[in-house]
Amino acid sequence: KHPITKMAKIERGQNLFNTFNLFIGIMVGSGIFITAIDLAEVLPNSGVTISMWLFMGLYSLLGSICFSELGTCFPDSGGDFLYLQQLFPKLSCFPEVSDLIAFLRLFIELFVIRPGTHAIFGLTISEYMIKPFMAGQEENAPTSATTVPESLLLDAESQTNNNNNTCEWNRDEIANTSYTVPYEYCCTDRQQDTQKTKILVVLLAIFMNLIFTLINGYSINLTKNLSSVLSIGKIIVLSCIILLGLKTFIVNEQSQALTWGNEAEQMWDWTRWKYSYSLGQVGATTILAAFVKASYQAQWSYAGWSDINYCLGEIANPSRNLPLSALMALPLVTFLYTGIICCFYSVMTHTEFICGIKATATVFAERALGYFNEPNYWIRGVIAISVSMANAGVLHSSLFAGSRLFQAGYKFNHMPAFMGGIHTVHKTPIPSLFVLTAISIFYCTLPLWPIFEDPINALVNATCFIYFL
């Protein structure tokens, strides 16, 4: 008899502590470290950016409470796929409507959302482990405290700095801004990665997906214990960053980005939108689009609260443990995320924040410890390991939850028979794990495609757009 069989069953072995760790493990990861810049890029100032993180945290808490209620009504693995099965009654005229909608949801999860998300986690680990050491110093973003030098007022020409980065500046538009440089006029092309860097990033992302797939497939107990360790580690890392930011805020001179007011680079400085509006570049439609795009980034960062329901069949006493875990985890994540953003703004203006490198936490740590001009590779190493651990935890937990979704899809004949296989010895859904990882590896190669200038941002926008359709 083959060791992988559909007759094997998974026990309910996840208690309240384990369920809470699953929430933290799936939610806290690459979002706050990668999408923070992409969210801030489309917003006018630090005040609106911080408010967006708070609002989306509340939105995620309400969504999690709703899914907890659904989980108590349908205490089995499958999540929203299972709930869509109950969307319409089995009417004689449309007997298969619910099955069709649920199948479409499962299909896009398998081929787009879940593997794309895992690729983002792997690529984020690579961004922090490789790029800060390959890039040298952060890009020379203009500061808000100085007037734009005449040497930068080029007539739609490009100037190359010492790092061979090309930055485009518009003479007439910049000349009209006397005290601040809008985002559109900072370096439009961040430091370009060499082919060697791209290959290293892709290989490391693939390796991370493979190693955690093997761990998830080997043992449920090992998966559960590692998830708990990584979740606790992530909370410690984020708490240390917040404490460092608090020390910076108290000891150092107050940051402009955290100063209440509407002067240059203060919390409610609307110069960027006002100036763009005077040029006819900003209107109601573009402002609405900016908030929608920002919400995509924040929603992706908070995403994961619905994934717990995918493995609800393994949670003991789900009517108690699921809602309690949600009520503990979501406020904590909202506090950590908002605190991290405030920490970034304690050493950077809004312009510097959105013009810097993607590895924002690295820039923050160096500036908070007094290294403004020269890179400190000890700091970069510690931040790289810390952020990588955070992302490894969310990749690990997401593989655990996602594979259960496809195994649940087999029960409703929406997946091939082998996708429902459970190893009789290891008690893990090995087939669905490896199919999911094979698709994830494909998405991990996007940095090598010339059509994707920012593959992580492209994956975030694509997965969010398709998911919220």
Side-chain angles (χ1 to χ4, degrees), residues 29-38 41 111-141 158 160-168 186-213 297 300 354-363 366 375 377 380-381 383-392 394-395 398-399 436-464:
S30 62
I32 190 64
F33 298 111
I34 287 294
T35 63
I37 287 182
D38 298 317
E41 279 179 351
F111 286 98
V112 180
I113 297 174
R114 188 63 50 170
T117 301
H118 292 173
I120 294 170
F121 298 149
L123 291 172
T124 302
I125 294 173
S126 301
E127 289 268 358
Y128 272 85
M129 290 296 292
I130 294 174
K131 287 191 176 181
F133 303 97
M134 302 289 288
Q137 289 186 220
E138 62 191 273
E139 284 82 330
N140 296 324
S158 60
T160 303
N161 61 20
N162 294 331
N163 292 325
N164 292 323
N165 297 330
T166 301
C167 300
E168 296 182 356
C186 71
C187 184
T188 57
D189 291 321
R190 293 188 178 99
Q191 193 167 31
Q192 296 299 307
D193 298 328
T194 64
Q195 191 67 16
K196 178 183 177 181
T197 302
K198 291 180 180 179
I199 292 174
L200 289 175
V201 166
V202 169
L203 290 177
L204 182 57
I206 292 174
F207 173 78
M208 296 306 298
N209 273 270
L210 287 174
I211 194 67
F212 284 107
T213 299
Q297 304 294 334
W300 192 87
I354 61 184
C355 290
I357 61 175
K358 281 283 187 178
T360 315
T362 302
V363 179
E366 287 184 334
Y377 290 103
R380 294 190 174 200
I383 293 297
I385 294 173
S386 301
V387 174
S388 297
M389 180 182 67
N391 284 278
V394 72
L395 173 59
S398 184
L399 277 165
L436 180 59
T437 300
I439 303 173
S440 301
I441 289 174
F442 169 77
Y443 286 115
C444 286
T445 63
L446 291 189
L448 300 178
W449 297 20
I451 60 174
F452 293 104
E453 295 182 1
D454 189 350
I456 293 180
N457 191 32
L459 283 170
V460 169
N461 288 331
T463 54
C464 285

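Numbering of residues begins at 1 and proceeds along the displayed sequence.
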Trainee: Which pair of heavy atoms, one from T445 and one from V202, lies closest together, and at what distance?
Mentor: CA-CG1, 4.1 Å

Trainee: Where is the tightest heavy-atom contact between I130 and T197, given as atom of each residue plus distance?
Mentor: CG2-CG2, 4.2 Å

Trainee: To the closest 0.5 Å, what do you measure between CG (L448) and CD (Q195)?
Mentor: 6.0 Å

Trainee: Under the side chain to side chain contact (heavy atoms under 4.5 Å, CB included) rule, what do I441 and L210 come out as? Steps first, then yes or no, please.
Mentor: CA-CA 9 Å; I441 289 174; L210 287 174; 3.8 Å; yes

Trainee: Give me the atom names and distance for the closest heavy-atom approach of M129 to I385.
Mentor: SD-N, 4.2 Å

Trainee: Can you establish whether the number of heavy atoms outside F452 located under 6.0 Å from its atom CZ is more than 12?
Mentor: yes

Trainee: Heavy-atom distance under 4.5 Å between the side chains of D454 and D38, does that happen here?
Mentor: yes

Trainee: For residues F111 and Y443, report the shortest heavy-atom separation together with the two atoms involved.
Mentor: O-OH, 2.6 Å

Trainee: Taking side-chain contact (heavy atoms from CB on, under 4.5 Å) as the criterion, tell me which of T213, N209, L399 meets it with S440.
Mentor: N209

Trainee: Please answer whether the main-chain N or O of A205 pairs with a side-chain N or O of S126 as donor and acceptor at a distance below 3.5 Å.
Mentor: yes

Trainee: Would you compute the distance between atom CD1 of I125 and atom CD1 of I120 and round it to the nearest 0.5 angstrom?
Mentor: 12.5 Å

Trainee: Between atom CZ of R114 and atom CD1 of I439, what is the distance when rounded to the nearest 0.5 Å?
Mentor: 12.5 Å

Trainee: Taking atom CG of L395 and atom OG1 of T437, what is their separation to the nearest 0.5 Å?
Mentor: 8.0 Å

Trainee: Within this structure, what is the OG-CE distance for the pair S388 and M208, rounded to the nearest 0.5 Å?
Mentor: 7.0 Å

Trainee: Show your reasoning for whether side-chain hydrogen bond (donor to acceptor under 3.5 Å, both in side chains) applies to H118 and S398.
Mentor: CA-CA 8 Å; H118 292 173; S398 184; 2.8 Å; yes

Trainee: Should the ring pair W300 and F121 be called parallel, tilted or perpendicular, given that the plane angle runs from 0 to 90° and is split at 30 and 60?
Mentor: tilted

Trainee: If you define the side chain from C-beta out and look only at heavy atoms, does anything of L446 sit under 4.5 Å from L123?
Mentor: no

